[in-house]
Number of protein chains: 2
Amino acid sequence: MREASLPKLSQARQELRRQQILQAAMRCFVRNGMGRTSVADITAESGLSAGSIYTHFASKAEIVQATAQDLLERRLTALAGFVGEARLPSPAQLLRHLADGISRDEARVGLQAWGEATTDPVMCGNVVATTDGMRDAIAAHCEVWLVAVKGHEASVARSRAAGLAAQLMAVYQGLIVRKALFGTTDAADETFIADAADRFA
Amino acid sequence: MREASLPKLSQARQELRRQQILQAAMRCFVRNGMGRTSVADITAESGLSAGSIYTHFASKAEIVQATAQDLLERRLTALAGFVGEARLPSPAQLLRHLADGISRDEARVGLQAWGEATTDPVMCGNVVATTDGMRDAIAAHCEVWLVAVKGHEASVARSRAAGLAAQLMAVYQGLIVRKALFGTTDAADETFIADAADRFA
DNA sequence: GTCTATAGTGCGATAGAC
DNA sequence: GTCTATCGCACTATAGAC
């Protein structure tokens, strides 16, 4: 890597190109899936050329991994931002926010990423790490909430929060499946969330 | 289709070949994923030839769909069998049975199928239909359980059962993600199930 | 019905001009 | 850094012998 020879401004431009490519890839993946999207598809969608793309990514697999990684990190930072606010939302509100915060397109590509992760160790590692990060953030928040709102003792709150976070993550993942494949934001989803909210309140 | 010209015995043999191919495909998908598995891989794994395989399936896509369909139907019939017994299991026991009844390999290919379903309408329809079937079976069972064990009134039980079934399905789907990518049957999973069991008891 | 062999196609990645 | 052009490969699906 000879990054030192590049002018400093180009680092920002490189990041811009990178995002341009990843966003084009995202649109292609929504349309045709990660497996059936060719590099030619991404060049057409991005308006760039194959040669250009291969200066920013070493392979198609790297584009796929980076797209998934960006998607995962957006979800993690969105969660961190939400629990970082002073509002101290309940687990039920947290679940609703998680469910509402993801678009159907994101849910679709997320499912594709899970599928890829079953056979791509790099991607599996990324998914596991980010998912653990989300679960830990949820657990930390639930622990605070259990103490502050529910008046639990600290040690009890800690162990309850761990189990609660794991369940919230499982429901969240199930909601992603539902949003991607069933495409609902219909009444059933609303009652589902409301019902689950009672259960986790 | 000229099925009439075949001797009657061969119908059973055809089904046998079909299963032989699908089981070989399943092993390939576990190893390399649906996208990266070639027909040549399936011929090698099954011990058959390409020509033979194409007399049983019109395309690779059809093999992929059939594999997923078989997997989905196995889960649905397993569920139907479990709730069909006279034991009247609680929702918590149902969840545990659902979680334990799927192998990691099945979970992996299930995730791949979800990913494919995001861009393949045929597969999406199969997944949605089977998932709805499972949810309906769970709802019907929960309704009976709510009346018989919890003493709920019929109309209350019906509406509660619908929400409960949707949540159980979401948790179940989350558990599939977990089993496929995290590969756990560790202590965390046990406490998770036990904890969720309390919640759904 | 099953085999071998191959036709035909589309892909990922690179070379070299600018 | 980006383009055009293309190489070489791997793949799906079929043809024809048995």
Side-chain angles (χ1 to χ4, degrees), chain A residues 1-25 28-29 31-67 112 116 119-120 122-123, chain B residues 1-25 28-29 31-67 112 116 119-120 122-123:
Chain A
M1 315 282 181
R2 46 194 165 76
E3 293 157 5
S5 65
L6 297 169
K8 282 184 178 178
L9 186 62
S10 72
Q11 194 170 358
R13 290 193 95 79
Q14 275 202 350
E15 187 54 31
L16 206 72
R17 274 274 183 268
R18 186 189 153 89
Q19 287 303 321
Q20 182 181 357
I21 293 167
L22 291 183
Q23 283 166 18
C28 292
F29 295 162
R31 201 185 308 129
N32 295 329
M34 289 171 163
R36 261 176 293 278
T37 292
S38 68
V39 175
D41 293 334
I42 300 175
T43 64
E45 184 71 32
S46 66
L48 295 171
S49 66
S52 176
I53 283 181
Y54 274 96
T55 66
H56 295 276
F57 295 94
S59 65
K60 181 194 159 184
E62 209 169 85
I63 298 177
V64 170
Q65 287 165 6
T67 304
Q112 293 170 19
E116 290 295 311
T119 52
D120 177 350
V122 172
M123 205 162 210
Chain B
M1 312 286 179
R2 47 195 164 76
E3 292 157 4
S5 66
L6 296 169
K8 283 184 178 177
L9 184 63
S10 71
Q11 194 169 357
R13 291 192 93 81
Q14 274 202 352
E15 187 54 31
L16 206 72
R17 274 273 184 268
R18 186 188 153 88
Q19 286 304 321
Q20 180 182 357
I21 294 166
L22 291 183
Q23 284 167 18
C28 292
F29 295 162
R31 201 186 308 129
N32 296 329
M34 288 170 163
R36 261 177 294 278
T37 292
S38 68
V39 175
D41 292 334
I42 300 175
T43 64
E45 183 71 32
S46 66
L48 295 171
S49 66
S52 174
I53 283 180
Y54 275 96
T55 65
H56 295 275
F57 295 94
S59 65
K60 180 194 159 183
E62 208 169 86
I63 298 177
V64 170
Q65 287 165 6
T67 303
Q112 293 169 20
E116 290 295 310
T119 52
D120 177 352
V122 173
M123 204 162 218

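A quick note: this is a predicted structure, and the numbers were derived from the prediction, not measured. So that the names make sense, note that chain A is the first sequence line, chain B the second, and so on, each numbered from 1.
Counting only heavy atoms from C-beta on, B:Q14 has its side chain closest to C:dG1 among D:dT12, C:dT2, C:dG1. Considering only the side chain of A:S59, C:dA13 comes nearest among C:dA5, D:dT2, C:dA13. Between D:dC3, D:dT12, C:dT2, one nucleotide has an atom nearer to the side chain of A:S49 than all others, and that is D:dC3. Of the candidate nucleotides D:dG1, D:dA5, D:dT2, D:dA5 has the atom lying nearest to any side-chain atom of A:A50.
In this structure, B:R36 places its CZ atom 13 Å from C1' of C:dG12, rounding to the nearest Å. Spacing between atom CG of B:N32 and atom P of D:dA10 amounts to 14 Å, rounded to whole angstrom units. Look at OH on A:Y54: it is 15 Å from C1' on D:dT4, rounded to the nearest Å. Atom-to-atom, CD1 of B:I63 to C1' of D:dA13 comes out at 11 Å; the value is rounded to the nearest Å. Between A:I21 atom CD1 and C:dG12 atom P the separation is 15 Å, expressed in whole Å. Regarding A:I53, its CD1 atom lies at a distance of 14 Å from the C1' atom of D:dT4, rounded to whole Å. B:L16 places its CG atom 13 Å from the P atom of C:dG1, with the value rounded to the nearest Å. Atom CZ in A:F57 sits about 16 Å away from atom C1' in D:dT2, given to the nearest Å.
Contact between the side-chain N/O atoms of B:H56 and the OP1/OP2 oxygens of C:dG1 is not found at any separation under 4.0 Å. Within the 4.0 Å cut-off from OP1 or OP2 of C:dG1, not a single side-chain nitrogen or oxygen of B:T55 is found. For D:dT2, one of the phosphate oxygens OP1 or OP2 lies less than 4.0 angstrom from a side-chain nitrogen or oxygen of A:R17.
With no hydrogens or angles considered, a side-chain donor-acceptor pair links A:Q20 and A:R17 at under 3.5 Å. Side chains of A:E15 and A:Q11: a donor-acceptor N/O pair is absent below 3.5 angstrom, by distance only.
With a 4.5 Å cut-off on side-chain heavy atoms, B:I53 and B:I63 count as touching.
Residue whose closest nucleotide on DNA chain C sits further toward the 5' end, between A:A58 and B:G47: B:G47.
Residues A:K60 and A:M34 come closest through the heavy atom pair NZ-O, 3.2 Å. The two atoms that bring A:C28 and A:E45 nearest to each other are SG-CB, 3.7 Å, heavy atoms only.
When heavy atoms are screened at a 4.0 angstrom cut-off, B:S38 is found touching the sugar-phosphate backbone but no base atom. Using a 4.0 Å heavy-atom criterion, one finds that A:T43 contacts no nucleic acid atom at all.
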